[in-house]
Amino acid sequence: MSGTYLGMPAFPAAARDAVRDTTLRANLRHATHTIRDKRAKAVAELDDWARLREAGRQIKDHTLRHLGEHLLRLEEAVTAAGGTVHWAADADEANRIVTDLVRATGEREVVKVKSMATQEIGLNEALEAAGIHAYETDLAELIVQLGKDRPSHILVPAIHRNRGEIRDIFAREMAQWGRPAPDGLTDAPADLAEAARLHLREKFLRAKVGVSGANFMVAETGTMVVVESEGNGRMCLTLPETLISVVGIEKVVPTWRDLEVFLQTLPRSSTAERMNPYTSMWTGTTDGDGPTAFHLVLLDNGRTDTLADEVGRQALRCIRCSACLNVCPVYERAGGHAYGSVYPGPIGAILSPQLRGTASEIDASLPYASSLCGACYEVCPVAIDIPEVLVHLRERVVQGGEFTRHGARTTLKPARGHAAERAAMRAAGLVFARPGLLRAGQRLAARTRRAHPRTLPGPGRAWSATRDLPTVPKESFRDWWQRTQGRGAGPAGSSGTASGTASGTASGTASAEGRTDEGKAGA
């Protein structure tokens with residue numbers, strides 16, 4: 001991924017500063033609660049939502065297992081329809097391809113549809129370095145660009161701004177980018193939208209090159225699909241003479257029948273609408289209608305490496321609906337900038353470390369940016385088990401081991417600063433594997449309970465500073481069982497076996513019940 005966001009502090013440090021910003025927290029709380037409440041109502045309208053969710057999961061998994069075949073089929077279809085396909089292994093190659101294509105037109109400005117992929121590779125910065133101005137046309141992206149800011153949400157990039165802040169940005173910055181804001185601009189939504197419309201209209205009518213991403217690519221026909229709510233995308237996709245689309249390779253779906261599923265689940269999960277106001281589809285070029293030249297840049301940039309991870313690859317199912325952000329208690333309090341990536345929130349915490357690796361401090365910290373409450377999994381329309389991947393990546397950070405990087409198997413060294421954690425886990429494994437040692441430890445802890453500290457010493461103080469240490473009971477479950485139910489269990493040595501068997505049976509039953517319930521929830 002692009003280095004645009006690297007160099008930021010690790011998530012804990014960035015989040016610590018963010019939670020002190022009361023205005024930011026108020027903006028986030030209001031916006032996320034509003035969006036998630038609307039989404040819940042929209043989803044409840046469909047009796048078959050659970051089946052649609054499962055269908056989306058299966059379509060994505062099947063596509064990822066045969067990704068190479070579908071991409072080659074897509075390339076053939078796009079080429080046959082008059083388009084040109086380019087393959088980009090990383091951000092640098094993608095930026096070079098797009099820059100060269102724009103230069104070949106002789107133009108020095110482009111209009112852009114909202115695109116996570118172009119943000120991921122830092123395309124705007126690369127074009128600027130080449131003397132090419134890229135103008136964002138999505139309202140929220142325009143706010144971010146004029147404010148010299150960064151997006152903080154997948155669906156609503158300017159979610160961290162309130163109406164007063166947006167009015168000030170428009171009044172201060174619009175004149176430097178084109179048509180100035182009207183005199184006496186208020187913070188009424190209609191007035192802000194009208195100011196943006198007037199500012200952007202001249203750019204739509206003047207620009208000869210458009211740049212977009214795509215929500216989906218249909219392999220059987222080579223069709224690109226963009227869903228949006230404002231109409232700016234339709235303008236960028238139809239008015240320019242040249243259209244360049246930068247799309248992650250995971251966005252392909254095999255057939256139109258597969259697309260049908262996602263056109264039902266994406267709008268309801270993102271904007272809480274039954275259907276997006278604008279769903280634009282185009283296949284190659286057509287004489288006398290739309291752009292005369294179409295270029296598709298298929299972006300890898302770490303996706304093939306992610307695909308090689310059997311647990312982590314499910315992150316590639318993501319359809320960028322942002323539902324997981326709106327229910328996440330961590331995101332609601334810390335905001336998107338703390339994640340140091342264009343992909344914030346729960347999905348960013350598992351996607352960014354896989355696309356970029358975990359070598360940097362910020363990426364090594366992202367798998368820990370979660371309470372593991374599971375709310376993100378419950379709302380995901382393609383059933384990505386984000387908590388499972390978070391734990392998987394935490395294990396990679398702490399223990400190291402083999403993973404795929406740049407197409408080759410690489411051995412990752414355990415991260416620094418986790419030596420105490422590894423030692424504690426090894427000690428716990430040693431004790432839990434020896435019933436006698438575990439029993440002795442439990443009894444010792446019970447007998448010395450009055451002397452236990454209220455806070456942990458050393459590095460453990462960071463944990464206990466905001467939590468109460470659990471109180472050790474007077475006796476362990478094993479001892480209680482032997483005292484109350486262990487009659488006739490034989491000598492003390494065998495009673496441990498009896499109680500261990502009972503305990504194991506009870507915990508096994510509970511685990512089985514838990515799996516059964518979980519299976520029902522995911523059906």
Could you check His153, Arg39, Lys38 and say which one makes a side chain to side chain donor-acceptor pair (under 3.5 Å) with Asn326?
His153
When rounded to the nearest 0.5 Å, the distance separating CD1 of Ile143 from CD1 of Ile159 is 12.0 Å
How close do Val218 and Pro254 get, heavy atom to heavy atom, and via which atoms?
CG1-O, 4.2 Å
Kindly check if the number of other-residue, nucleotide or ligand heavy atoms within 6.0 Å of CZ (Arg108) is above 12?
yes
I'd like to know if the side chain of Lys203 pairs up with that of Thr137 as donor and acceptor (distance under 3.5 Å, no hydrogens or angles considered).
no
Closest non-hydrogen contact found for Cys321 with Pro381 is SG-CD, 3.6 Å
Looking at Glu54 and Arg57, is any side-chain nitrogen of the basic one under 4.0 Å from a carboxylate oxygen of the acidic one?
yes
Any donor-acceptor pair under 3.5 Å from Gln264 side chain to Leu52 backbone:
no
Is a side-chain N or O of Asn27 found less than 3.5 angstrom from the main chain of Leu24, in a donor-acceptor match?
no
Between atom CZ of Arg303 and atom CG of Asp305, what is the distance when rounded to the nearest 0.5 Å?
11.0 Å
Between Arg317 and Ala383 (side chain of the first, backbone of the second, donor and acceptor by atom type, cut-off under 3.5 Å), is there such a pair?
yes
Looking at every non-hydrogen atom in both residues, tell me the closest pair between Ala338 and Ile362 and how far apart they are.
O-CD1, 3.9 Å
Side chain to side chain contact (heavy atoms under 4.5 Å, CB included) between Thr221 and Met281, worked out
CA-CA 11 Å; Thr221 58; Met281 304 181 186; over 6 Å; no
Search all heavy atoms of Val156 against all heavy atoms of Ile35 and return the closest pair with its distance.
CG2-CD1, 4.0 Å
Parallel, tilted or perpendicular: which describes the rings of Phe11 and Tyr339, with under 30° parallel and over 60° perpendicular?
tilted
Hey, is the main chain of Asp385 close enough, under 3.5 Å, to the side chain of Gln314 for a donor-acceptor pair?
yes
Got a second to check how far Glu260's CD is from Thr265's OG1, nearest 0.5 Å?
11.0 Å
Quick check against the 3.5 Å criterion: does Gln145 have a side-chain atom that pairs as donor or acceptor with the backbone of Glu136?
yes
Answer yes or no: is there a side-chain heavy-atom contact under 4.5 Å between Ile97 and Trp87?
no
Do the side chain of Arg167 and the main chain of Leu192 share a donor and acceptor less than 3.5 angstrom apart?
no
Classify the side-chain pair His392/Asp309 by whether it contains a donor and acceptor separated by less than 3.5 Å.
yes
Does the side chain of Ser360 pick up a donor-acceptor pair with the side chain of Asp363 at under 3.5 Å?
yes
Under 4.0 Å between a Lys/Arg side-chain N and an Asp/Glu carboxylate O for Lys112 and Glu141?
no
Do Glu93 and Asp90 come close enough that some side-chain heavy atom pair is under 4.5 Å?
yes
Are side-chain N/O atoms of Ser322 and Ser270 paired as donor and acceptor at under 3.5 Å?
no
Of all residues at least two apart in sequence or in a different chain, which pass the side-chain hydrogen bond (donor to acceptor under 3.5 Å, both in side chains) check with Asp138?
none
Output all residues satisfying side-chain contact (heavy atoms from CB on, under 4.5 Å) with Tyr278, sequence neighbours left out; order by chain, then residue number.
Glu228, Arg234
Grab the two heavy atoms, one from Leu316 and one from Glu250, that are nearest each other, plus how far apart they are.
O-CG, 3.5 Å
Considering only distance and modelled atom types, tabulate donor-acceptor pairs under 3.5 Å from the side chains of residues 169-179, sequence neighbours left out.
from: Glu173; atom 1: OE1; to: Lys148; atom 2: NZ; distance (Å): 3.0

Could you check whether Thr271 and Glu273, counting side-chain N and O atoms only, form a donor-acceptor pair closer than 3.5 Å?
yes
Is it true that, when you exclude His33 itself, more than 12 heavy atoms of the residues, nucleotides or ligands shown sit nearer than 6.0 Å to its NE2?
yes
Going by ring-ring contact (aromatic ring centres under 6.0 Å, His included), name the residues that satisfy it together with His70, two or more places apart in sequence or in a different chain.
His62
All side-chain contact (heavy atoms from CB on, under 4.5 Å) counterparts of Thr286, not counting sequence neighbours:
Asp289
So does Arg268 pair up with Glu45, basic N to acidic O under 4.0 Å?
yes
Going by distance alone, is a donor N or O of one side chain under 3.5 Å from an acceptor N or O of the other, for Glu120 and Tyr343?
yes
Ignoring hydrogens and geometry beyond distance, is a side-chain donor-acceptor pair present between His160 and Asp21 at under 3.5 Å?
no
Keeping the roles fixed (side chain from Asp191, backbone from Leu185), state whether a donor-acceptor pair exists under 3.5 Å.
no
Counterpart residues, ring-ring contact (aromatic ring centres under 6.0 Å, His included), relative to His199 (two or more places apart)
none
With side chain to side chain contact (heavy atoms under 4.5 Å, CB included) as the test, would you mind laying out the steps for Arg394 and Leu372 before giving the verdict?
CA-CA 12 Å; Arg394 291 180 185 187; Leu372 298 180; 3.6 Å; yes
Run Trp282 and Ser245 through side chain to side chain contact (heavy atoms under 4.5 Å, CB included) and show every step you take.
CA-CA 11 Å; Trp282 71 99; Ser245 298; 3.4 Å; yes
Any chance you could lay out the salt bridge (charged side-chain N to carboxylate O under 4.0 Å, His left out) test for Arg197 and Glu194, step after step, and finish with the verdict?
CA-CA 5 Å; Arg197 187 186 71 82; Glu194 178 67 6; 2.9 Å; yes
Less than 4.5 Å apart, any side-chain heavy atom of Cys324 and any of Cys380?
no
Close side-chain approach of Thr242 to Leu101, heavy-atom, < 4.5 Å
no
N/O donor-acceptor pair under 3.5 Å between Thr105 side chain and Val102 backbone:
yes
Thr306 to Gly312 - nearest heavy-atom pair and separation
CG2-O, 3.9 Å
Run the side chain to side chain contact (heavy atoms under 4.5 Å, CB included) check on Thr404 and Leu307 step by step: do they pass?
CA-CA 9 Å; Thr404 302; Leu307 187 61; over 6 Å; no
Donor-acceptor pair, distance only, cut-off 3.5 Å: does the side chain of His295 make one with the backbone of His86?
no
OG1 (Thr285) and CD (Glu241) are apart, to the nearest 0.5 Å, by 13.0 Å
Could you state the interatomic distance from CG (Asn215) to NZ (Lys251), rounded to the nearest 0.5 Å?
6.0 Å
Taking the side chain from Glu388 and the backbone from Val311, do they hold a donor-acceptor pair closer than 3.5 Å?
no
How long is the span from the CD1 atom in Ile350 to the SG atom in Cys318, to the nearest 0.5 Å?
8.0 Å
